[in-house]
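Reviewing the structure listed below.
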Amino acid sequence: MTKEKIQKPGLISNTLKMALLLPVLIVGLGIGGKAQDFEVNVTLLTDMPICEGGTFEAILQSNPNLDPSCNYSFSYQWQWLVVGGTDWVDIPSNPDNFEGIETSSLLGKNIPENYDGYFFQLVVTATSTDDDCDPLTGMSTPFEIMVNPGSPPAPLTGINISPTNGTLCLGNQYTLTAIPMTDPSQIYWYLGDPNGTPLSPLMGSASINVDETGVYYARRITNCGRSEPVSLGVVFKTDSDPPLSVTAMPSSVCAGEPVQLTASGGDAGTGADLYWYSDPNDTGSFLGKGSSITQLPTMDSTRYHVRREGDCDTTDFRSVLVRVKETPQPFESITVAPPQPCIGNPVTLTAIGGANQSDDDVAVWYDSPNGTEIDQGDSITIASAENKTYYVRRENGCTDGNSSYISRAVTTLPAPVATIEMPVEVTCKDETVTFQAIENPIIIDYQWTFTGATPSSHNGPGPVDVEFGNVGQSIVTLIVDNGSCTNTLKDTIAVLDQPDIFLDDVPLTNSIETFTITEKLVTTLILSSNLPEGAFSWSCEEDDPGSLAGGAGSGTDSLVRHNWVLADKAEEAALTCMATVTQGNCENMAEFKILVKRLIFVPNVLTANGDEFNQCWEIELGPDIQFDPTDFEIELYSRGGECVRGCQETFTVADAVEMCGEDCPGAGAYWYVIKGPEGFSATGALTIIK
């Protein structure tokens, strides 16, 4: 082994590391003159040199990217070029020194010193079962191994520190000593990264002095390698920062009330806490320690001071001022603007004079001394002026923190009185409405405005005819003036495109609604409209003339009612009706349907003769009828006037439908009377055949 191959331990760097991608041979002639068909990239994973008896490892980075259609398979062979040799040969199988000589990864182990200077390369052969695909060969760039004589350095067992770790403040020095201390020239020190630059790169040392916090490492380094590092975390005591902020809650208090003092922010050094004092010059009283304390201020203004005190230093003070509220001074006078307001108009009261003792002082207004509070602030506005005396004083929120009252009476001028008179509250678009102001002898000026109308304004009491052109709510405004004060009156009028009509609260629109009723029952449907003064009329006609026994009905009020009776053979009758609402020139018409349905069907023949036809008196209620068969009672009389059913006992429709066969009276002619809810009554003849 030549001297030049031995590196000084302090100069070991990445330049000695071979764990990198080696250059590759491009297709051409390599060592030995073999043709190269593709590139082979090999990575050496071991630092060079290695110690005698050590190991190294080299691996193929990846198989070459060849024509996928050939579906190549790969075989591997590692070769070496021995010192003094001229030809590359396959590495002989030697389990004591190599593993994987026919794989993509080569492991050399227990390498003897005489292997120093050997070169190695990997030959990769690609073959295919496809006759159109020729076999290909690739060969990696050779790499050399270097072997140093000797054994790896002995490991360190630990690091001692003097004095005891964590006992010194920053700015002082600890002494670190590697254990064991033998062969100190082999010992190298690092801060933070054991693979970084040594703290003493040109010479070894068993001990070093350090003056900053961090993790320190030590290891042995020789020509034959490096031991595993040992480490020790070094801790210095630290200085403190003063608190960043100091607050008092509340910042002003009433006499005898507590205040909480709080300091926050800044870093606390080793062993540090916050200490509170009444004076910043170490002559005041110590008040306590911690981030928060509670105090009872005794002076009008008290300043509290706080700092951090720790093992290594004492910071500057920070302070906070706490005010003790004083009884405020009373106001001197109150101004009124305007000096004599019109009654009902706004008036502004302003308290002036005196002086606030603190920012907590506020003006509070009352309707009487110790009465109901009205508002707060030096200046307040009363929305509606009246003849009244107002009182104000300063208050600071403390029990005894109020000044004396001062007062001021407000005298108002009378406002003019008028009334807007309009004939209707609802009108139709483009209809004319006449407005009139009820005059007052004191009023000297009348000013009308009408939104969305013609004219839009008018001077004088009226009458004034106004035509509203916009659908919706229109505002009518009248301002009257008596020479000193004004009064503003407002009213609204609803302007319709046309009035709406409702029947039993159902709107009658282009979609014609149908209302179902039952014959012979007095049913009332109610017309209504958004014209509050509207007059109604209605009339109906049969869709199928002759389906009713009487007329279809009509009326001149809002009640749609008629005693509709179906013709003998009609099951139902459909009526088409028209309703009209009118108010002045406002008018609207709407169509609706009435469907009259039979309440009850009573057969007039019963053949209880066993022929399975008309065996029972099958009385039926009409469809959609909301009554029960038991709601209808029957009296059945013989031809001679004798009551055979329903006079001595209750005989309902429910009972009648079960009157069959022998349950029936004898054969003959009978007369029935049926009475039901809502005044229903029906009579007729019944013939029983047996």
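Excluded from the calculations below are hydrogen atoms, water molecules and symmetry mates; all remaining heavy atoms, backbone and side chain alike, are included. This is a predicted model, so every value here is computed, not measured.
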Is any side-chain heavy atom of Thr137 less than 4.5 Å from a side-chain heavy atom of Val123?
yes

Counting C-beta onward and ignoring hydrogens, is there a side-chain heavy-atom pair between Thr247 and Val320 closer than 4.5 Å?
no

Is there a donor-acceptor pair under 3.5 Å between the side chain of Arg308 and the backbone N or O of Asp241?
yes

Partners of Trp365 by ring-ring contact (aromatic ring centres under 6.0 Å, His included), sequence neighbours excluded?
none

Measuring only between side-chain heavy atoms, which start at C-beta, is Thr262 closer than 4.5 Å to Met249?
no

Please work out whether the ring planes of Tyr115 and Tyr118 are parallel, tilted or perpendicular, with thresholds of 30° and 60°.
parallel

Is there a side-chain contact between Asp90 and Ile101 in this structure, where contact means two heavy atoms from C-beta onward sitting under 4.5 Å apart?
no

Going by side chain to side chain contact (heavy atoms under 4.5 Å, CB included), Val230 matches just one of Thr157, Leu156, Ile179. Which one?
Leu156

If you count the non-hydrogen atoms of other residues, nucleotides and ligands that lie under 6.0 Å from CD in Glu102, is the total more than 12?
no

Which heavy atom in Pro180 sits nearest to a heavy atom in Pro155, and how many Å separate them?
CD-O, 4.3 Å

Without hydrogens or angle criteria, can the side chains of Ser264 and Ser245 be said to hold a donor-acceptor pair below 3.5 Å?
yes

More than 12 heavy atoms from other groups under 6.0 Å of CD on Glu373
yes

Are the side chain of Ser474 and the backbone N or O of Thr451 linked by a donor-acceptor pair below 3.5 Å?
yes

State the OG-CG distance between Ser140 and Leu44, to the nearest 0.5 angstrom.
11.0 Å

Within-4.5 Å side-chain heavy-atom neighbours: Phe331 and Asp378
yes

Could you tell me whether a side-chain N or O of Asp313 sits under 3.5 Å from a main-chain N or O of Asp239, the two making a donor and an acceptor?
no

Give me each pair satisfying side chain to side chain donor-acceptor pair (under 3.5 Å) with a member in residues 69-78, each pair once, sequence neighbours excluded.
Asn63-Tyr76, Asp67-Ser69, Ser73-Thr127

Results of side chain to side chain donor-acceptor pair (under 3.5 Å) for Ser104 - residues two or more places apart only
none

Side chain of Trp276, backbone of Gly290: donor and acceptor closer than 3.5 Å?
yes

Quick check: does any side chain N or O of Asn396 sit under 3.5 Å from a backbone N or O of Asp361, one acting as donor and the other as acceptor?
no

Report yes if some heavy atom in the side chain of Thr177 is under 4.5 Å from a heavy atom in the side chain of Ser162; otherwise report no.
no

Side chain proximity check, Thr348 to Ser379, heavy atoms < 4.5 angstrom:
yes

If you count every heavy atom of other residues, nucleotides or ligands that lies below 6.0 Å from Asp193 atom CG, does the total exceed 12?
yes

Side-chain donor or acceptor of Thr315 paired with backbone N/O of Ser240 under 3.5 Å:
no

I'd like to know if the side chain of Thr46 reaches the main chain of Glu57, judged simply by a donor and an acceptor atom lying under 3.5 Å from each other, with no hydrogens or angles considered.
yes

Please check this pair: side chain of Trp189 against backbone of Ala178, looking for a donor-acceptor N/O pair closer than 3.5 Å.
no

Which class fits the ring pair Phe286 and Tyr275: parallel under 30°, tilted 30 to 60°, perpendicular over 60°?
tilted

Quick one: sort the Phe143 and Phe120 rings into parallel, tilted or perpendicular, breaks at 30° and 60°.
parallel

Would a distance-only check, ignoring hydrogens and angles, find a side-chain to backbone donor-acceptor pair under 3.5 Å from Gln186 to Gly204?
no

Are the side chains of Leu261 and Val322 in contact, using a 4.5 Å heavy-atom criterion?
yes

I need the full list of ring pair (Phe, Tyr, Trp, His ring centres under 6.0 Å) pairs touching residues 219-256, with sequence neighbours left out, sorted by first then second residue.
Tyr174-Phe236

So, Arg219 side chain and Ser227 main chain: donor-acceptor pair closer than 3.5 Å or not?
yes

With sequence neighbours left out, the residues meeting salt bridge (charged side-chain N to carboxylate O under 4.0 Å, His left out) with Glu309 are Arg307

Quick one: disulfide (SG to SG under 2.5 Å) pairs with a partner in residues 65-167, sequence neighbours left out?
Cys70-Cys133

